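Report on one structure; see the data block that follows.
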2 protein chains.
Amino acid sequence: MAYLYDMTHQEAKAKLIEAWGNLGSNWGISRTAAQIHALLMVSAKALTTDDIMEELLISRGNASMSLKTLMEWGVVKKQFVPGQRKEYYTSEKDVWSLATQIAKERQRRELTPTIEALKAVQEVEGESSDIKEFNKMTKNLLKFAKQSDTVLSLFVKAESNKFLNRLIKLLK
Amino acid sequence: MAYLYDMTHQEAKAKLIEAWGNLGSNWGISRTAAQIHALLMVSAKALTTDDIMEELLISRGNASMSLKTLMEWGVVKKQFVPGQRKEYYTSEKDVWSLATQIAKERQRRELTPTIEALKAVQEVEGESSDIKEFNKMTKNLLKFAKQSDTVLSLFVKAESNKFLNRLIKLLK
DNA sequence: CTATATTTTCAATAATTATTGAAAATATAG
DNA sequence: CTATATTTTCAATAATTATTGAAAATATAG
């Protein structure tokens, strides 16, 4: 497995996995789950739970739970391999649908509940300066949250590449 | 302090603080810090550490540390009040500069290091299918990260309201 | 259906992160 | 400068989250 020129590949892979793990832990996904995601992204073939355990030195339970989370996020899928008893896992490889999928999940998990909460606290009765400030602020926050929601929806619906590319050119 | 009609205000405030705390804990900011931020956002006047401790029932140390974090994020500022020994704190009230500020911080903390890591692992030597897949994937990830970076920069530079409003109209 | 491989669940534990509260540091009044 | 108010730091502790590993559940071969 360890060719001479392969060392660089192994090192680069380790670095990527580390970086992705760090990013993930800033995003509410566990470090291990993010690392599994990175590993699957850069693997040409689908991997089994055992492959993952071996490469990342994690327990079976951890691998199982993390894969479950990643599948809930919609970024990892089981792949059917004929004649094989074990399950094989792969990641979405198209970076744009990956981003779309993540945006969709965040919208569902964060934006939607926040919008609901903001709606619930709109327009409190009263004349004190604190109440006026409260109403002004929650109104603006709701407006902003709704706009973000619209933008995200557009992003999720627009199919991939072309959309943001055009957008970037438009604004440069 | 507790007028009859004020109950609704207190309840609404509590709800907002709770919702913001939840949101914050999905964003790598501590629950308490996010709650302090919410409290300051909807207060007409600047508050002291003691006001905050009393309202949120937290310790002095916690209040001090959380305010420090919020100031690092650039969303809370000290306000000078003449003739007062205590420090007064306020939050940025303009929702758009708030969003801009947060975008800027996330760019600095997450996007920039990720881009650096991706650059470091580009173009590994070798012919195996795994190496080819690795190179393809990291290339696409870097491209995507750079594009995101550009978009965020534009967002941060463009001054508030007008920018996104026009954008939304443009894409609807 | 039985034997075996494989995956999932979950209580126990480890690791990490948040919080307290008091001591130390700093700032201000006089 | 001294006395006092105020803020910050930080070790100890609490709370939360991640991880393990083995038992239970499920799936497949034959």
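Labels below follow one simple rule: chain letters A, B, ... track the order of the sequence lines, proteins then strands, and each chain is numbered from 1. Everything quoted here is computed from the prediction, not taken from an experiment.
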Discussion item. Is it the case that the base of dT6(C) and the side chain of Arg85(A) share a donor-acceptor contact (distance under 3.5 Å, atom types as modelled)?
Written reply: no
Whole angstrom value for the distance that separates [atom2] of [N] from [atom1] of [X]:
X        : N       : atom1 : atom2 : answer
Ile29(A) : dT17(D) : CD1   : P     : 15 Å
Met53(A) : dT6(C)  : CE    : P     : 12 Å
Gln84(B) : dT28(C) : CD    : C1'   : 12 Å
Ile52(A) : dT19(D) : CD1   : C1'   : 16 Å
Glu87(A) : dT6(C)  : CD    : P     : 11 Å
Leu70(A) : dA18(D) : CG    : P     : 13 Å
Leu56(A) : dA18(D) : CG    : P     : 16 Å
Leu57(B) : dT19(C) : CG    : P     : 13 Å

Please determine if a side-chain N or O atom of [X] lies less than 4.0 Å away from the OP1 or OP2 oxygen of [N].
X        : N       : answer
Lys86(A) : dA27(D) : no
Lys68(A) : dT7(C)  : no
Ser30(A) : dT17(D) : no
Thr49(B) : dT6(D)  : no

Would you kindly say whether [X] and [Y] are connected by a side-chain donor-acceptor distance under 3.5 Å?
X         : Y         : value
Asn26(A)  : Arg106(B) : no
Asn135(B) : Glu123(B) : no
Ser59(B)  : Asn62(B)  : no
Gln107(A) : Ser153(A) : yes

Item to complete: Compare every heavy atom of Glu92(B) with every heavy atom of Asp94(B), then report the nearest pair and how far apart it is.
Response: N-OE2, 3.0 Å
Fill in: Position toward the 5' end of DNA chain C (nearest nucleotide), Arg31(A) or Ser64(A)
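Per heavy-atom nearest nucleotide, the more 5' residue is Ser64(A).
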Worksheet entry | Watson-Crick or G-U pairs under 3.5 Å in DNA chain D, rendered as dot-bracket with [ ] for crossing pairs and | for another strand | ||||||||||||||||||||||||||||||
Indicate every side-chain donor-acceptor pair of residues 32-46 of chain B with a distance under 3.5 Å to a residue at least two apart or in another chain.
from     : atom 1 : to       : atom 2 : distance (Å)
His37(B) : ND1    : Trp20(B) : NE1    : 3.2
His37(B) : NE2    : Ser91(B) : OG     : 3.4
Ser43(B) : OG     : Leu39(B) : O      : 2.7

Practice prompt. May I ask you to say what Thr48(A) touches in the nucleic acid, namely base, sugar-phosphate or nothing, with a heavy-atom cut-off under 4.0 Å?
Written response: nothing
Discussion item. Quick check on DNA chain D: between Arg60(A) and Lys78(B), whose nearest nucleotide comes earlier from the 5' end?
Written reply: Lys78(B)
Worksheet item: Taking only residues two or more places apart in sequence or in another chain, which ones pass salt bridge (Lys or Arg N to Asp or Glu O under 4.0 Å) with Lys77(A)?
Response: none
